[in-house]
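Some notes on the structure that comes next.
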Amino acid sequence: MSSVKNGRLLVRACVGLIVSLLAVSCASSALAPDHSKAPVRTVDLTVSAAASLENALEAIAPEFHVAYPTIEISYNFGASGALQQQIEQGAPADVFFSAAVKQMDVLAEKGLILKDSRRDVLTNTLVLIAPVQSQIAVTDMAQIKDAEVGIIAVGEFRSVPAGQYTEQVFTKLNLLEPLRSKLVFSNNVRGVLAAVESGNADLGLVYATDAALSERVKVLATASAATHQPIVYPIAVVSASPNLDAARMFIAFLQTPVAQTKFKEFGFGVVAP
């Protein structure tokens with residue numbers, strides 16, 4: 001009788017162990033990338049992304065390659081407006097990652113992205129920077145008007161999202177006309193950063209994530225969220241992409257905890273999937 005009882009206990013223990021292992025396995029797989037549709041041949045995926053994303057995406061690329069070794073990523077970084085125009089003109093791109101919703105909206109209206117693939121992934125803030133040795137005493141955007149400033153570097157208002165946010169801030173604070181003669185324009189936000197780093201500009205407006213990359217500039221002020229549209233980074237699959245499954249996998253990966261942690265390390269805010 002004792003041996004029968006012991007046998008039953010052993011069976012129960014084994015069943016319990018198997019159930020526990022299955023539960024752990026299921027939980028782990030829920031957090032892991034889905035490889036079920038991963039291509040068996042190597043796929044070259046072209047991602048057109050805003051210049052402000054360069055360092056973060058380059059850091060994420062090795063992690064993505066570990067998860068999907070048959071997908072090779074080629075990045076095309078630039079101003080979101082310029083990338084939008086490239087896609088409109090038929091330039092090869094599988095994924096578009098914009099620094100503003102405006103450019104994505106234009107492509108959506110023209111049917112050039114897959115609307116069901118669109119996701120808001122990141123957020124950012126706009127900051128006023130100066131060379132690290134600068135003596136300019138500005139702690140609020142509104143104070144720029146009265147400061148002794150020669151040149152202010154900004155992104156192009158028409159094609160660079162950081163420039164568009166800057167224009168909104170200056171307009172809201174009635175600074176646009178008083179400062180217009182001092183503005184020097186760059187075709188992407190990294191150009192603005194470089195102008196301030198080199199001392200060719202006394203001030204510049206860039207994203208907080210760009211300012212954090214440089215030891216040669218300092219942040220003087222942060223634009224109030226009430227002075228500009230929300231800084232949101234949307235991503236979507238380009239309709240003409242020949243690699244639709246791989247493109248969707250890339251977008252999904254950017255919303256995994258691994259990728260989101262990397263984005264946070266570079267100062268981005270992340271939008272919950």
Side-chain angles (χ1 to χ4, degrees), residues 49-55 77-86 98-103 106 122-233 266-269:
S52 55
L53 292 165
E54 182 171 356
N55 295 76
F77 294 108
S80 298
L83 297 175
Q84 167 210 322
Q85 292 175 0
Q86 290 175 14
S98 176
V101 299
K102 177 182 178 181
Q103 290 74 22
V106 171
L122 304 172
T123 62
N124 214 331
T125 53
L126 190 71
V127 297
L128 179 70
I129 60 171
V132 70
Q133 73 278 7
S134 174
Q135 299 301 310
I136 297 175
V138 171
T139 57
D140 186 274
M141 291 287 181
Q143 297 173 349
I144 303 175
K145 180 180 178 181
D146 300 319
E148 294 185 7
V149 178
I151 297 176
I152 304 173
V154 297
E156 287 279 356
F157 291 166
R158 290 180 297 176
S159 61
V160 181
Q164 293 163 358
Y165 296 127
T166 297
E167 183 180 27
Q168 292 167 14
V169 172
F170 284 174
T171 300
K172 183 73 172 181
L173 298 177
N174 296 315
L175 295 174
L176 189 57
E177 291 309 318
L179 297 179
R180 192 178 293 277
S181 63
K182 299 180 180 182
L183 302 182
V184 173
F185 297 91
S186 177
N187 60 9
N188 63 64
V189 71
R190 292 298 172 86
V192 176
L193 178 64
V196 179
E197 283 181 324
S198 64
N200 290 327
D202 300 306
L203 298 173
L205 282 95
V206 300
Y207 298 122
T209 51
D210 295 300
L213 294 172
S214 177
E215 297 180 351
R216 290 185 285 167
V217 303
K218 59 183 178 181
V219 175
L220 302 183
T222 300
S224 166
T227 61
H228 59 79
Q229 294 176 346
I231 301 176
V232 177
Y233 288 65
F266 283 90
F268 289 97

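Interatomic distance, Leu193 CG to Ser214 OG, rounded to the nearest 0.5 Å: 5.0 Å. The distance from the OG atom of Ser159 to the CD atom of Gln164 is 7.5 Å, given to the nearest 0.5 Å. Within the model, atoms CZ of Phe77 and CD of Glu54 stand 5.0 Å from one another, a figure rounded to the nearest 0.5 Å. For the atom pair NE2 of His228 and CD of Gln168, the computed distance is 8.0 Å after rounding to the nearest 0.5 Å. For the atom pair CD1 (Ile136) and CD (Gln143), the distance works out to 11.5 Å, reported to the nearest 0.5 Å. Note that CD of Glu156 and OG of Ser186 are 7.5 Å apart. Values are rounded to the nearest 0.5 Å.
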Ile151/Asn200 under side-chain contact (heavy atoms from CB on, under 4.5 Å): CA gap, chis, key distance, verdict: CA-CA 8 Å; Ile151 297 176; Asn200 290 327; over 6 Å; no
Stepwise side-chain contact (heavy atoms from CB on, under 4.5 Å) check, Ile144 with Phe170: CA-CA 10 Å; Ile144 303 175; Phe170 284 174; 4.2 Å; yes
Test side-chain contact (heavy atoms from CB on, under 4.5 Å) applied to Ile231 and Tyr165, step by step: CA-CA 8 Å; Ile231 301 176; Tyr165 296 127; 3.7 Å; yes
From CA spacing to verdict: side-chain contact (heavy atoms from CB on, under 4.5 Å), Phe157, Leu176: CA-CA 12 Å; Phe157 291 166; Leu176 189 57; 3.8 Å; yes
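The only option from Ile152, Val196, Ile129, Val127 that meets the side-chain contact (heavy atoms from CB on, under 4.5 Å) definition with Leu205 turns out to be Ile152. Only one option out of Val192, Val154, Leu128 pairs with Thr166 in a side-chain contact (heavy atoms from CB on, under 4.5 Å); it is Val154.
Without hydrogens or angle criteria, Thr171 side chain to Glu167 main chain gives a donor-acceptor distance under 3.5 Å. Between the Asp202 side chain and the Val149 main chain, no donor and acceptor come within less than 3.5 Å of each other. Panel note: side chain Lys218, backbone Ser134; a donor-acceptor pair is recorded below 3.5 Å. Using a distance-only test at 3.5 Å, with no hydrogens or angles considered, no donor-acceptor pair links the side chain of Thr209 to the main chain of Phe266. Side-chain N or O atoms of Gln135 include one that pairs as donor or acceptor with a backbone N or O of Gln133 at under 3.5 Å. Side chain of Ser198 to backbone of Ala195: a donor-acceptor contact under 3.5 angstrom is found.
More than 12 heavy atoms of other residues, nucleotides or ligands lie within 6.0 Å of NZ in Lys182, so this atom counts as buried by the packing criterion.
Closest approach of Ala142 to Leu173, counting heavy atoms only: N-CD1, 4.1 Å. Across all non-hydrogen atoms, the minimal contact from Leu213 to Asn55 is CD1-OD1, 3.4 Å. Taking every heavy atom of both residues into account, Ala49 and Leu53 meet most closely at CB-CD1, 4.2 Å. Lys172 approaches Ala226 most closely through the heavy-atom pair CE-O, 3.9 Å. When every heavy atom of Ala51 is checked against every heavy atom of Asn188, the shortest pair comes out as CB-CB, 4.2 Å. Ala50 and Leu83 make their closest contact through N-CD1, 4.0 Å (heavy atoms, listed as atom of the first residue, atom of the second, distance).
Residues Asp210 and Ser52 have side chains that never bring a donor and an acceptor to within less than 3.5 angstrom of each other.
At a threshold of 4.5 Å between non-hydrogen side-chain atoms, the residues Leu220 and Thr139 do not count as touching. Residues Gln103 and Pro161 are in side-chain contact: their nearest non-hydrogen atoms beyond the backbone lie under 4.5 Å apart.
In this structure, the ring of Tyr207 has its center no less than 6.0 angstrom from the ring center of Phe268.
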